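The next block holds one structure in the form of structure tokens; read it before the comments.
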Amino acid sequence: MEHESAAGEAEGRTRILVAVAWPYASGPRHIGHVAGFGVPSDIFARYHRLKGNDVLMVSGTDEHGTPIMVAADREGVSPAQLAQRFNGLIREDLERLGLSYDIFTRTTTRNHYRVTQDVFKTLYDKGFIVRQTMLGAFSESTGRTLPDRYIEGTCPNCGFSEARGDQCDHCGRQLDPTDLLEPRSRIDGSRPVFRETEHFFLDLPAFSERLSEWIGAQEHWRPNVRAFSANLVDELRPRAITRDLDWGVPIPLEAYDGLDDKRIYVWFDAVIGYLSAAVEWARNRGTPDAWREWWQDPSARHYYFMGKDNIVFHAVIWPSMLMGYGQGGEVGADRGELGLPHDIVSSEFLTMEGKKFSSSRGVAIYVNDFLSRYDPDPLRYFLTVAGPESQDTDFTWAEFVRRNNDELLANWGNLVNRTLASAYKNFGAVPEPGVLTDDDEALLQAVEAGFATVGSLIEAARFRAALVEAMQIAARANQYVSEQAPWAKLEADRARAGTILSVTLRAIDGLKVLLAPVLPFTSQLLHELLGYEGQLSGRVVSRDEVEEDGSAHAVLGGDYGAATGRWEPSQLPAGQRLQQPRPLYRKLDADEVVAGELARMERAAADGC
RNA sequence: GGCGGCGUAGCUCAGUUGGUUAGAGCAGCGGAAUCAUAAUCCGCGUGUCGGAGGUUCGAGUCCUCCCGCCGCUACCA
């Protein structure tokens, strides 16, 4: 496909924005969350970096909104304190999983407030944000907005006593909170009061034609995303983007100066994070305009990764905001239109031993808990090969152990181990190859071909197929080793045995790169065992960033530019010293893991009730 | 209710514009090998492709209806 001449490479670089959904800082994240937005986006970003493209991968914790206030109240801390704590925990989870963000920040930074207010103000000045009065529900005790879903009562239609403010789960009827008989707050049981309140509304119908045309042209989107989005555009209504709360980005209009009871709605500011994080990243590295190369250069491509429950925000609301913002505002500064999403990669949901994840019911496997007992690559492997890429899938411990032992370890781990052990013991270095036979060439060809096939599958966001393809090449190499049986030739024809091992080492050196987007930690280990120095893909680190006002916050980032890995076949030099081999993966005891983890879940469920 | 999805070998699933005898992995059975974390390799799969109609020369793949499961339904994120 690609002709990779040294000259062609520099010109062929593409700027790619990898925009990853912002985890909500109301609690620790479970493996379903990282299955949806985390691992897929990281595979994509790592691949494009190896390929030589200019990747900017941005995200952060989403820290505003009612659920955080409710959780903070429950713990007797401020929303800021609660968000601070979970930002730290989530950051740690993502770092341990090896998610290679260029910046993972948060929505409570001064920078984010400034960018959000600029977007709001610009849309307001252009007439895309309008004021409207509506009837809102309030908690009498706190004076705050009570979102529809926090209100329950008796359904006027079927009499179900636990109907929610927006919908009755019993009869399925859509409701308005004012319809409920005996309404009460799910937070403290008090009776909500309804009163007139003025809010700002995003005029979505103003964009409906452009949206419709734009979505219609996105033939490369996953069919479910496209169909769902197209359907949404047919019935757009103006949407309230402020709330009666004191936790959120303040409304940047003079009339609201100093007023503490109305803030910008969390979703409006959360999606702006994709832009504000890029601005922050550029400033932090001392090139304050560098973000424009991704956001205001039409050749840059934007890929968004999220769970399916977020499609509406990414396919309709955020694009509307971008269209409305146009050349900007203070931030945009008339330097070009902001780019629209090129692809919206939405995944389905992961269930847990057949049940939907639910923290309150103890149906959850938290990332930090998981990684305290198991390694990140087996989890990344599982979530890629058996994750909810195109339909809901189920996580079971038995299946996790099986995938680890019988696929990852047995096929790939064993191929590496048997090859390295033999080469190390008998040669200590990469053997000098003799003349290659047709079988030797065929194996090397198969690996080389993988760079095109695996690569194009990743580019199309078909991660499962890409991984299966790479694993099939590993199986092909195992087949080659068994057929050639180098161990049987060591005595009689040591040179031929050396050639076979040299060919196999080159094959696993290539496979190491093909698998690196999915398995970065063990690819790095293998890189070192093969005698290389330095980083194959770069490392993710946490560091403090200081803002203009002197306040500091931690962000996740990395220097990936120094990495030496390239998306191309092995150049493993003969004679390179090998390191003492050690296994890439641990074999797990099925009975022990399954029994232990199920017991753990039952305890958690018991605690939750 | 509306929208969308799923239902394919014992299990988990591939099958992207309809086209040769419907595939993979795992489990199972037989064999080879023993370099390797008992990890590998070879051989063995007739399953009403949820059910019923229809379109077509031809449908797992399109249309209609039905059955079962699930998700979303935008002021929780």
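We name chains A, B, ... by the order of the sequence lines, and we start the count at 1 in each one. These numbers were taken from a predicted model, which means no experiment stands behind them.
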Rounded [atom1] spacing from [N] to [M] in Å:
N	M	atom1	answer
U48(B)	A33(B)	P	39 Å
A59(B)	G18(B)	P	13 Å
G30(B)	C11(B)	C1'	22 Å

May I ask you to say what [X] touches in the nucleic acid, namely base, sugar-phosphate or nothing, with a heavy-atom cut-off under 4.0 Å?
X	answer
Leu457(A)	nothing
Ile241(A)	nothing
Pro486(A)	nothing
Ala410(A)	sugar-phosphate
Lys308(A)	sugar-phosphate
Asn478(A)	sugar-phosphate

Quiz item: Side chain of Asn310(A): nearest nucleotide among A36(B), U37(B), A77(B)?
Solution: A77(B)

Quiz item: Can you find a donor-acceptor pair, distance only, under 3.5 Å between Arg462(A) side chain and U16(B) base?
Solution: yes

Quiz item: Between Arg496(A) and Asp440(A), does at least one N-O distance fall below 4.0 Å, as a salt bridge requires?
Solution: yes

Quiz item: Do Glu75(A) and Arg85(A) sit within salt-bridge range, that is, some charged N less than 4.0 Å from a carboxylate O?
Solution: yes

